[in-house]
Enquirer: 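My questions will all concern the structure given below.
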Amino acid sequence: TGPKLAGLSQVSCPRLVRPQMSVATITARSQRLKRLVDEPPEDSARRKQARRPPQAAGTEAAWPAAGAPSPERPPSRVGPYVLLEPWEGQELYRAEHYQTEKQFTCQVLSLRSYQECLAASDRIGPHEGVCSVLDTVISQDRAYAFLSAHYGDLHTHVRRRRQLSEDETRGLFTQVLRAVSHCHQHGVILRDVKLRRFVFTDELRTKVALVGLNDCFLVPGNHDDDSLTDRHGCPAYVSPELLSSGRGSYSGRAADVWSLGVCLYTMLLGRYPFQDTEPAALFAKIRQGAFSLPAWLSPGARCLISCMLRRSPAERLKASELLVHPWLSSPSAPHPSVHKTQRSSRPSLRSRQEDQVVP
C-alpha cells in the first residue's frame, strides 16, 4: 500500500538465542530431519492443483495465484496442514488439512505477536465480525494460527472493481464499523485499520470480518485512557496527529476512526483521500487534512466521511456513534444529480490512466 512510514515503530519479536549445547544441537537436527520427512513431495502439490475445478471465464477465483517464493516463506508442511500459496500483501497463506482436505487460512506470527493476539482475543470474546482462531501450531520461533478459509480482502476487491456503489459500500462498511466498535468497547485499539485487514467470509462477498489481532494495543484499567505514544500504522491510513514532530500522546480510538474514514473514502471513490509518490509530500497532505469529495456523492456519504476525517481528534465521532449515522441506519435516496453527474464526468482513457487509484 505504499512506502514504509518513516519514524513509525514496528512491533518486533526479540531474537531468540539458542544455547550452545550439544543436546540442543542434536534436538534441532532431529527436528529438521523430521520436517524433511513429513513434507510431501513436490509432485503431490502439483496433483492437488490439477484436481481443482476449472474457473469459468469472467469470474473471480476464491484464491489468488501462487506468488513467488521468498526466503522468509514458512515450510510447506506445518503439523497436519499443508501451506499453499500466500495471499497478496499479507502474512496469510491458503492452507489445507492433508487428511480431511478442508480449506483454512493460516496466519504466520512471531511468538510475541501470537501472545498479543491471544490476549486481545480473550479480551473481546467471540464476535461475528472478527475471525476466530480454530487451531494453532507452535514452532521454535513462529506461531501458525489457522482460521476459516476466506475469499479475498476488501483492498483487492476495491482495486478490481475500481470503486463500489453506495449500496454495496453501506453493507460492507457497517460490518467493518461494528467490528472496530466492538474492539474499542472492550479496550482493544487496532492501530492499523485498513482495507486489507478485512476479508470476505462468503463466496458472494457480502460478509466481511477482521482477520488477525496482532499489533493491537490493550487499554489497561477501566479502558477509558487510550493514550498512546508510539507511531504505528500504514502510510495511506495514518492520522495527522501521528505525524506531529513532538512525542506527545494521542488517542488510539480517534486514530482508528481516522483510518476508518480513509477506508470509506477509498471504497466509494476507488482512491485514497491523500496520495503522493513521495512520502514527505504524502505526510504533508495528511497533516493539512484537506481532501475533496465529488458532487455526485450523496450528502449522507459526504457527511459520514467528514465526521471521521477531521484534523482534530476530539472532533471525530466515536465508532459507536458512527453506527447510528443516518447514512448507515436509514439510507436516503441518491443525490438528484448523481446519475447525471456520473455519466457526464467519466474520465477519458488518458486522464483515467493518469489518475491515482488504489495500488
Side-chain angles (χ1 to χ4, degrees), residues 1-5 8 10 59-68 85-94 105-108 129-131 147-180 183 190-216 232-239 255-277 279 282 286 291 301 305 308-309 355-359:
T1 55
K4 292 185 177 180
L5 181 56
L8 301 189
Q10 301 289 336
T59 60
E60 294 184 13
W63 302 104
E85 62 266 20
W87 282 94
E88 179 186 357
Q90 304 185 71
E91 285 298 316
L92 298 176
Y93 293 82
R94 184 169 73 89
T105 297
C106 177
Q107 184 178 24
V108 184
V130 181
C131 295
L147 308 90
S148 298
H150 67 77
Y151 299 89
D153 60 73
L154 262 178
H155 176 93
T156 304
H157 184 63
V158 173
R159 186 178 60 186
R160 288 175 178 173
R161 297 279 298 276
R162 307 290 283 185
Q163 65 186 83
L164 308 182
S165 67
E166 289 200 20
D167 286 339
E168 182 182 8
T169 300
R170 182 182 294 107
L172 297 176
F173 186 73
T174 298
Q175 299 175 62
V176 170
L177 196 52
R178 286 173 179 166
V180 176
C183 292
L190 297 177
R191 297 199 302 174
D192 192 19
V193 175
K194 55 187 177 183
L195 292 177
R196 281 199 191 277
R197 294 193 67 177
F198 294 89
V199 298
F200 291 98
T201 58
D202 66 329
E203 292 189 59
L204 297 178
R205 292 177 173 84
T206 60
K207 298 180 180 180
V208 293
L210 173 66
V211 58
L213 292 171
N214 49 306
D215 296 343
C216 63
H232 188 97
C234 179
Y237 294 84
V238 70
S239 58
D256 279 356
V257 168
W258 172 279
S259 300
L260 285 171
V262 176
C263 289
L264 179 58
Y265 186 104
T266 306
M267 293 169 71
L268 289 171
L269 276 69
R271 56 184 171 84
Y272 297 127
F274 310 98
Q275 293 192 120
D276 203 284
T277 55
L282 169 64
I286 295 176
F291 59 94
I305 292 174
M308 294 179 282
L309 294 182
D355 283 346
Q356 295 191 55
V357 296
V358 177

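These numbers come from the heavy atoms of this one structure, side chains and all, not from hydrogens, waters or symmetry mates.
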Enquirer: Between Leu210 and Val176, is the side-chain contact (heavy atoms from CB on, under 4.5 Å) condition met? List the steps.
Expert: CA-CA 7 Å; Leu210 173 66; Val176 170; over 6 Å; no

Enquirer: Quick check: do Leu309 and Pro273 have side-chain heavy atoms less than 4.5 Å from each other?
Expert: yes

Enquirer: Return the minimal non-hydrogen interatomic distance between Thr206 and Gln175, and the atom names on each side.
Expert: O-NE2, 2.8 Å

Enquirer: Under the side-chain contact (heavy atoms from CB on, under 4.5 Å) rule, what do Leu195 and Tyr237 come out as? Steps first, then yes or no, please.
Expert: CA-CA 10 Å; Leu195 292 177; Tyr237 294 84; 3.5 Å; yes

Enquirer: Partners of Phe291 by ring pair (Phe, Tyr, Trp, His ring centres under 6.0 Å), sequence neighbours excluded?
Expert: none

Enquirer: How many angstroms lie between atom CG of Leu268 and atom CD of Glu166, to the nearest 0.5 angstrom?
Expert: 6.0 Å

Enquirer: Out of curiosity, Arg205 CZ to His150 NE2, how far, rounded to the nearest 0.5 Å?
Expert: 11.0 Å

Enquirer: With rounding to the nearest 0.5 angstrom, report the CE to OG1 distance, Met267 to Thr169.
Expert: 4.5 Å

Enquirer: side-chain contact (heavy atoms from CB on, under 4.5 Å) between Asn214 and Gln107: does it pass, once the steps are laid out?
Expert: CA-CA 10 Å; Asn214 49 306; Gln107 184 178 24; 3.0 Å; yes

Enquirer: To the nearest 0.5 Å, how far apart are CD1 in Ile305 and CG in Leu264?
Expert: 4.5 Å

Enquirer: Find the distance between CG (Asp192) and SG (Cys234) and round it off to the nearest 0.5 Å.
Expert: 6.5 Å

Enquirer: If you compare all heavy atoms of Pro235 against all heavy atoms of Val238, which two are closest, and at what distance to 0.1 Å?
Expert: O-CG1, 3.3 Å

Enquirer: Step by step, would you call Phe200 with His157 a side-chain contact (heavy atoms from CB on, under 4.5 Å)?
Expert: CA-CA 9 Å; Phe200 291 98; His157 184 63; 3.6 Å; yes

Enquirer: Can you list everything that forms a side-chain hydrogen bond (donor to acceptor under 3.5 Å, both in side chains) with Ser239? Sequence neighbours excluded, please.
Expert: Glu241

Enquirer: What is the minimum heavy-atom distance between Leu147 and Cys131, and which atoms define it?
Expert: CD2-CB, 3.4 Å

Enquirer: For Val193, what residues pass the side-chain contact (heavy atoms from CB on, under 4.5 Å) criterion, not counting sequence neighbours?
Expert: Leu190, Phe198, Asp256, Ser259, Leu260, Cys263

Enquirer: Between Thr156 and Arg196, is there a side-chain heavy-atom distance shorter than 4.5 Å?
Expert: yes

Enquirer: Just to verify, what does Phe274 make a ring pair (Phe, Tyr, Trp, His ring centres under 6.0 Å) with, not counting sequence neighbours?
Expert: Trp258

Enquirer: Taking side-chain hydrogen bond (donor to acceptor under 3.5 Å, both in side chains) as the definition, give me every residue that meets it alongside Ser165, ordered by chain and number, with sequence neighbours left out.
Expert: none

Enquirer: To the nearest 0.5 Å, what is the distance between CZ on Arg159 and NE2 on His155?
Expert: 5.0 Å

